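Scroll down for the structure; my scribbles are underneath it.
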Amino acid sequence: IDYLTLNQAYWMHFKHKMLSVELSEAQTTSLVERCRKENVTVNTAITLAFLAAQCAILGNKANPKIMVAASVRDHLPKPAKEAFGFYASGVVMEHHYDKKTSFWENSRELHRKLASLYTNRILFKRIMNWIYLDPTIMESINFKMIGTLVPPDLPRYNKLSSFSKQKDVVTSLLKRQDMDIEKSMWGTAVTNLTRLDFPRIYGHLELDRLIMNPGGMFPLAMVNLVIGVVTCSGKLSLLIEHEENTIASTVAEKIKEKALKFLLE
């Protein structure tokens with residue numbers, strides 16, 4: 001009942017929306033070649049494009065903090081290869097777009113900063129911080145954050161509301177991590193499955209493209225834009241998630257179009 005109540009309270013307050021971008025094979029090839037020419041990765045260019053677009057559309061309200069997911073499969077003593085599991089981490093940093101220089105010069109600067117963060121110490125620090133937490137603390141995080149949203153007419157209001165206001169170790173943890181469901185933690189979060197070499201033809205069927213729903217371990221309300229990227233059958237696809245009260249659909253559409261101009265023009 002507690003989980004059902006939290007779920008109901010969350011959806012009473014927040015509305016998730018999605019935007020998709022489907023590049024053609026020619027557009028994908030052109031983008032990859034341009035990134036190679038500019039000595040940056042496609043992932044860096046996409047991250048910067050949405051950061052820059054938010055800066056252009058939102059102005060001073062844009063959140064300069066970015067989170068870029070990273071695989072740790074090849075960082076393990078025994079590489080995970082195709083083993084099933086959560087072999088992912090990410091790097092977090094604040095980056096300000098320099099309007100005085102070009103998009104690609106900005107991309108190279110971001111690429112340089114990100115490359116210095118892809119170390120075992122940084123990538124595994126985030127994982128270890130959560131792995132060694134008591135499971136009850138992990139479970140309590142959503143109760144602590146979303147419990148504040150439970151209205152009096154829902155079941156378990158007294159229990160959930162009082163726990164969310166209680167000062168304890170979970171409260172301290174959320175404060176140290178700067179996690180607040182009503183506060184934008186990151187402006188842009190990007191996760192990229194990169195290029196997947198799946199066969200295109202399966203008998204009479206053809207795989208046209210893949211689209212990935214990125215999701216996340218935190219409520220979407222805490223991130224302006226979550227961007228899932230995947231390339232398959234020679235075509236790059238983007239799925240952009242946002243929460244309507246955090247970034248309105250009309251604004252998200254403008255940010256998307258601006259980001260595509262940076263990438264394709």
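For this chain, numbers begin at 1 and follow the sequence in order. Treat the numbers as computed from the prediction; the structure is a model and nothing was measured.
Residue pairs meeting the salt bridge (Lys or Arg N to Asp or Glu O under 4.0 Å) criterion with at least one member in residues 75-100: none, sequence neighbours excluded. Within the structure, the salt bridge (Lys or Arg N to Asp or Glu O under 4.0 Å) test picks out the following pairs touching residues 246-260 (sequence neighbours left out): E253-K256.
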**Q.** Chi angles and distances behind the side-chain contact (heavy atoms from CB on, under 4.5 Å) call for K235, E22
**A.** CA-CA 7 Å; K235 301 168 186 174; E22 299 180 6; over 6 Å; no
Q: Please lay out, stage by stage, how E38 and R108 fare under the test salt bridge (charged side-chain N to carboxylate O under 4.0 Å, His left out).
A: CA-CA 7 Å; E38 301 292 346; R108 284 189 288 274; 2.5 Å; yes
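Between L225 atom CG and L220 atom CG the span is 9.0 Å, to the nearest 0.5 Å. Rounded to the nearest 0.5 angstrom, S107 OG and L51 CG are separated by 10.0 Å.
With hydrogens and angles ignored, the 3.5 Å screen pairs no side-chain donor or acceptor of R156 with any backbone N or O of D2. No donor-acceptor pair under 3.5 Å is formed between the side chain of E265 and the backbone N or O of F262.
Between P79 and D74 the shortest heavy-atom distance is CB-OD1, 4.3 Å. In terms of heavy atoms, A49 sits closest to L263 at CB-CG, 3.6 Å.
Between the side chains of Q54 and T188, a donor-acceptor pair is found at a separation under 3.5 Å. Looking at S233 and R209, their side chains never bring a donor and an acceptor atom within 3.5 Å of each other.
Between Y97 and F103, the two ring planes are tilted [angle within 30° to 60°]. Classification of the Y10-H16 ring pair by plane angle, with boundaries at 30° and 60°, yields perpendicular.
In summary, E109 and R112 engage in a salt bridge, as defined by a charged side-chain N under 4.0 Å from a carboxylate O. Salt bridge status for R200 with D208: absent, with no side-chain N to carboxylate O gap under 4.0 Å.
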